[in-house]
J.: 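Could you have a look at this structure, given as structure tokens, before my questions?
Every value quoted in this text rests on a predicted model; they were computed, and no experiment measured them. What's counted below: heavy atoms across the whole structure, side chains too, no hydrogens, waters or symmetry copies.
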Amino acid sequence: MSLRLQFASAKQADQRAKDSVIAYINHTWKAHIASEKSLFCTVPDIIYALVVSYYFINEYFIVGNDERMTTDDEKTTVTGKNGENAFGYQRIHSMSSYIHHWKFKIVENHRLSHYITIGIVDADNIPQKKKFKDTGFGYGLCGDGDVYSVESTSSFYQLYNCGQSYVENDVVHMIFDVKERRLSFQINQDKLIHIENIKVGSQVSYKMAVHLASDG
């Protein structure tokens, strides 16, 4: 079973896109200097966020030492079996105000889609073997449409079934709106699937997580 993480990279952007970012930063910076009437002023949050987000943030899969879970050289495709987890590199603080967007493609799936779960997990409570959605620290969407949340009181934290599923060759978008405390999914071009009331706190951060439980 293989899953590919697809994300926009500044290195792949054409010159027009790069120039647009630089021009917007220059325009915003000049406006800020004019309002402050000084060159010696704090860098606005919007410029800091643009520079860091566009040029420095990189996301890829991290796997443990178990040989049953592997990645390609770029660490953007993960292959696994028998109940293994993989996690993202980026740590997302729950008190930030950003929107994070991941794009996954189900590259290969030898068995049933419900053996795949995509979501996020508490960065300080990452499980070694147990499915990240079953720990009480994760949120996710399973391939059979089951939605999981730590807020659920049912067994294994199942919240509801969304009536949608994903299989081989499908593309799954995951959007984490941190400010709104909302995790959303979109399978291909279908309607959005939401998990509300994501737990936040000054000591709470999240990482992207996937669980691959099928052979192959």
Side-chain angles (χ1 to χ4, degrees), residues 3 5-8 45-46 48-49 52-53 57-63 78 84-106 113-166 170-213:
L3 186 71
L5 174 65
Q6 300 176 332
F7 55 90
D45 288 343
I46 188 171
Y48 176 80
V52 172
S53 298
I57 289 181
N58 192 16
E59 179 71 298
Y60 52 84
F61 288 114
I62 295 177
V63 300
V78 63
E84 298 303 313
N85 298 304
F87 304 98
Y89 169 73
Q90 291 297 329
R91 186 183 183 99
I92 301 167
H93 197 283
S94 69
M95 298 302 288
S96 66
S97 58
Y98 301 116
I99 298 174
H100 301 263
H101 184 178
W102 296 264
K103 182 181 177 182
F104 303 87
K105 183 173 183 180
I106 313 302
S113 62
H114 67 256
Y115 285 94
I116 303 175
T117 305
I118 299 170
I120 60 174
V121 67
D122 187 321
D124 293 316
N125 289 278
I126 291 179
Q128 298 300 315
K129 292 293 183 181
K130 196 173 182 181
K131 297 178 183 178
F132 75 88
K133 67 180 179 63
D134 295 342
T135 62
F137 296 102
Y139 304 82
L141 173 66
C142 194
D144 62 357
D146 283 343
V147 176
Y148 294 86
S149 169
V150 301
E151 300 298 323
S152 173
T153 57
S154 66
S155 59
F156 301 110
Y157 300 96
Q158 181 181 351
L159 194 61
Y160 65 94
N161 187 284
C162 68
Q164 301 182 48
S165 60
Y166 53 84
D170 280 343
V171 173
V172 182
H173 296 264
M174 181 172 73
I175 304 100
F176 183 18
D177 189 330
V178 186
K179 185 176 181 180
E180 297 297 325
R181 301 175 57 194
R182 179 187 302 119
L183 184 66
S184 303
F185 299 90
Q186 185 178 39
I187 303 170
N188 300 320
Q189 300 298 317
D190 290 339
K191 66 179 181 179
L192 288 170
I193 303 157
H194 299 296
I195 305 175
E196 306 285 353
N197 301 316
I198 303 298
K199 181 182 176 181
V200 300
S202 60
Q203 303 299 317
V204 180
S205 296
Y206 291 98
K207 286 193 171 191
M208 171 268 289
V210 299
H211 179 81
L212 305 179

J.: Who pairs with His93 by side chain to side chain donor-acceptor pair (under 3.5 Å), at least two apart in sequence or on another chain?
T.: none
J.: Any chance you could measure Asn125, atom CG, to Phe137, atom CZ, to the nearest 0.5 Å?
T.: 3.5 Å
J.: Quick one: pull up NE2 in His211 and NZ in Lys131 and give me the separation to the nearest 0.5 Å.
T.: 4.5 Å
J.: Taking atom CD of Gln158 and atom OG1 of Thr153, what is their separation to the nearest 0.5 Å?
T.: 11.0 Å
J.: Would you mind listing every salt bridge (Lys or Arg N to Asp or Glu O under 4.0 Å) that reaches into residues 198-213, with sequence neighbours excluded?
T.: none
J.: Which pair of non-hydrogen atoms, one from Ser165 and one from Gly143, has the smallest distance, and what is that distance?
T.: CB-O, 3.0 Å
J.: Go through the structure and list residues passing ring-ring contact (aromatic ring centres under 6.0 Å, His included) with Tyr89, not counting sequence neighbours.
T.: Tyr60
J.: Hey, does Pro127 have a side-chain heavy atom less than 4.5 Å from the side chain of Asn85?
T.: yes
J.: Could you work out, with side chain to side chain donor-acceptor pair (under 3.5 Å) as the rule, every residue matching Asn188, not counting sequence neighbours?
T.: Asp170
J.: For Tyr148, which residues count as a ring-ring contact (aromatic ring centres under 6.0 Å, His included) partner, sequence neighbours excluded?
T.: none
J.: Could you check Val150, Leu141, Leu183 and say which one makes a side chain to side chain contact (heavy atoms under 4.5 Å, CB included) with Ile195?
T.: Leu183
J.: Val178: what forms a side chain to side chain contact (heavy atoms under 4.5 Å, CB included) with it, not counting sequence neighbours?
T.: Ile92, Ser96, His100, Phe176
J.: Between Phe132 and Gly119, which heavy-atom pair has the shortest distance, and what is it?
T.: CZ-N, 3.7 Å
J.: Does Asn197 have any side chain to side chain donor-acceptor pair (under 3.5 Å) partners at least two apart in sequence or in another chain, and if so, which?
T.: none
J.: Counting C-beta onward and ignoring hydrogens, is there a side-chain heavy-atom pair between Tyr206 and Val121 closer than 4.5 Å?
T.: no
J.: Apply side chain to side chain contact (heavy atoms under 4.5 Å, CB included) to the pair Ile116 and Val210, showing each step before the final yes or no.
T.: CA-CA 7 Å; Ile116 303 175; Val210 299; 5.8 Å; no
J.: Would you mind listing every salt bridge (Lys or Arg N to Asp or Glu O under 4.0 Å) that reaches into residues 86-95, with sequence neighbours excluded?
T.: Arg91-Asp124
J.: Could you grab the distance from atom OG1 of Thr117 to atom CG of Asp144, nearest 0.5 Å is fine?
T.: 8.0 Å
J.: Can you find a heavy atom in the side chain of Val147 that is under 4.5 Å from one in the side chain of Asn161?
T.: no
J.: State, yes or no, whether a side-chain contact exists between Ile193 and Gln186 at a heavy-atom distance under 4.5 Å.
T.: no
J.: With a 4.5 Å cut-off on side-chain heavy atoms, are Phe104 and Met174 touching?
T.: yes
J.: Within the side chain of Ser94, is there an N or O that forms a donor-acceptor pair under 3.5 Å with the backbone of Val204?
T.: yes
J.: Salt bridge (charged side-chain N to carboxylate O under 4.0 Å, His left out) with Arg181: which residues, sequence neighbours excluded?
T.: none
J.: From His194 NE2 over to Leu159 CG, what is the distance, rounded to the nearest 0.5 angstrom?
T.: 13.0 Å
J.: Does some side-chain heavy atom of Met95 sit less than 4.5 Å from a side-chain heavy atom of Val200?
T.: yes
J.: Could you walk me through whether Tyr157 and Tyr139 pass side chain to side chain contact (heavy atoms under 4.5 Å, CB included), step by step?
T.: CA-CA 9 Å; Tyr157 300 96; Tyr139 304 82; over 6 Å; no
J.: Just jot down the salt bridge (charged side-chain N to carboxylate O under 4.0 Å, His left out) partners of Asp190, sequence neighbours excluded, or say none.
T.: none
J.: Quick one, Trp102 and Glu59 - any side-chain contact, counting heavy atoms below 4.5 Å?
T.: yes
J.: If every non-hydrogen atom of Ile62 is compared with every non-hydrogen atom of Gly88, which pair is closest and at what distance?
T.: CD1-O, 4.1 Å
J.: Using the test side chain to side chain donor-acceptor pair (under 3.5 Å), find all partners of Ser152 that sit at least two apart in sequence or belong to another chain.
T.: Ser154
J.: Taking the side chain as C-beta and beyond, is there a heavy-atom pair between Lys133 and Thr135 under 4.5 Å?
T.: no
J.: Measuring from atom CD1 of Ile99 to atom NE2 of His101, what distance do you get when rounded to the nearest 0.5 angstrom?
T.: 10.5 Å
J.: Indicate the atoms forming the closest heavy-atom contact of Gln164 with Ile187, along with that distance.
T.: CB-CD1, 3.9 Å
J.: What residue pairs, at least two apart or across chains, pass salt bridge (Lys or Arg N to Asp or Glu O under 4.0 Å) with a residue in residues 145-157?
T.: none
